[in-house]
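Note sheet for the following structure.
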Amino acid sequence: MSDATVILGPDAGYEALDARAAAEGFVRAASQMRLHERARAVQWERAGARVSYIEDHLRGVRYLYGEAGAVARIADGFERVTREALEADASGGEVRAALAALQGLCVLDGSSPGPVLAARLEALSRHDELAVRRAVLRMMAFGAGRAMLDVVKRAARVEVDATLRAQWRALAKAIGDAN
């Protein structure tokens, strides 16, 4: 059995997904309420298959993760956001749309960023707007930074905002750079 991750579109609300999971014979095995620093999460199980629903308000991404066939059954009929659509938005000129798409790519790629994600994170880590650089730092902290330590170290050296520079340094230290 292989695992799959599906980024959900706006029509895939929790209640509808929960009803679909129940209709497919899944039972709710665990749940976590949304807190300030934690995403809402639900885990459904059925005969050895497990699917997690994550409503990550920190990244602005909702997704299903788990055994590929089970994910497909629960997500069937709901809008999904494809990697291709995320990569197109991430590569576009509108920064806010690019950041939102990069959040989805971070979920899909985890700590192994693909070429589009890596290139855009690196480019946006040098952006003129402080808010954009902060968003990139958060994305890097969610996993991509481990694979992109050179970008994290560069940002820790050259960031002009003292607070953000300290955060880049803390991230570099946390992921293995002793300097």
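- Using a 4.5 Å heavy-atom cutoff, the side chains of Glu87 and Leu105 are in contact.
- Nearest heavy atoms, Ala39 versus Ile54: CB-CG2, 4.0 Å.
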Can Glu55 and Tyr63 be said to form a side-chain contact (heavy atoms from CB on, under 4.5 Å), step by step? CA-CA 7 Å; Glu55 190 174 289; Tyr63 60 98; over 6 Å; no
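- Of all non-hydrogen atoms in Ala101 and Ala90, the two that sit nearest each other are CB-N, 3.6 Å.
- Both Leu137 and Met139 sit in one connected hydrophobic cluster of ILVMFWY residues. Membership requires side-chain heavy atoms under 4.5 Å apart, directly or through other members.
- Side chains of Asp76 and Arg20 form a contact here, defined as non-hydrogen atoms less than 4.5 Å apart.
- Under the 6.0 Å distance and 45° angle rule, Arg62 does not count as a cation-pi partner of Tyr53.
- Atoms CZ and OG, from Arg146 and Ser112 in turn, are 11.0 Å apart once rounded to the nearest 0.5 Å.
- Interatomic distance, CZ of Arg165 versus CZ of Arg133, reported as 10.5 Å (0.5 Å rounding).
- Residues Trp44 and Arg28 share a closest heavy-atom pair of CD1-CA, 3.8 Å.
- Taking the charged nitrogens against the carboxylate oxygens, Glu159 and Arg126 have no contact shorter than 4.0 Å, which rules out a salt bridge.
- At a threshold of 4.5 Å between non-hydrogen side-chain atoms, the residues Leu121 and Val151 do not count as touching.
- Trp168 has its side chain out of reach of Thr163: every pair of non-hydrogen atoms, C-beta onward, lies at least 4.5 Å apart.
- Side chain of Asp11 to main chain of Glu79: a donor-acceptor pair is present (N/O by atom type, distance under 3.5 Å, no hydrogens or angles).
- A pairwise comparison of heavy atoms in Ile175 and Gly145 identifies CD1-O, 3.2 Å as the closest pair.
- How far CZ of Arg120 is from NE2 of His127: 8.0 Å, rounded to the nearest 0.5 Å.
- Linking Ile, Leu, Val, Met, Phe, Trp and Tyr whenever their side-chain heavy atoms come within less than 4.5 Å puts Val95 and Leu130 in one cluster.
- Hydrophobic cluster membership differs between Phe78 and Tyr65, with clusters built from Ile, Leu, Val, Met, Phe, Trp and Tyr side chains linked at under 4.5 angstrom.
- A distance of 11.5 Å separates CD1 in Ile7 from CZ in Arg80, rounded to the nearest 0.5 Å.
- Counting heavy atoms from C-beta on, the side chains of Val81 and Val6 never come closer than 4.5 Å.
- Contact of the Ser91 side chain with the Val116 side chain is registered, since non-hydrogen atoms from C-beta on lie closer than 4.5 Å.
- No side-chain heavy atom of Leu171 sits under 4.5 Å from any side-chain heavy atom of Gln167.
- By the 4.0 Å N-to-carboxylate-O rule, Arg83 lies close enough to Asp109 to be salt-bridged with it.
- In this structure, Leu124 is a member of the same hydrophobic cluster as Val61, with clusters built from ILVMFWY side-chain heavy atoms closer than 4.5 Å.
- For Arg50, the CZ atom sits in a loose shell: 12 or fewer heavy atoms of surrounding residues, nucleotides or ligands are nearer than 6.0 Å.
- A distance of 6.5 Å separates CD in Glu122 from CZ in Arg154, rounded to the nearest 0.5 Å.
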Please step through side-chain contact (heavy atoms from CB on, under 4.5 Å) for the pair Leu164 and Arg134, ending with a clear verdict. CA-CA 7 Å; Leu164 190 56; Arg134 280 188 185 132; 3.9 Å; yes
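- The hydrophobic cluster containing Leu102 also contains Met140, counting ILVMFWY residues as joined when their side-chain heavy atoms lie under 4.5 angstrom apart, directly or transitively.
- Put simply, the side chain of Glu129 never gets that close to the backbone of Ala131: no donor and acceptor are under 3.5 Å apart.
- In terms of heavy-atom proximity, Val136 sits nearest to Ser125 at CG1-CB, 3.9 Å.
- Atom SG of Cys106 and atom CG of Leu117 lie 4.5 Å apart (nearest 0.5 Å).
- Between Ala85 and Thr82, the shortest heavy-atom contact is N-OG1, 3.0 Å.
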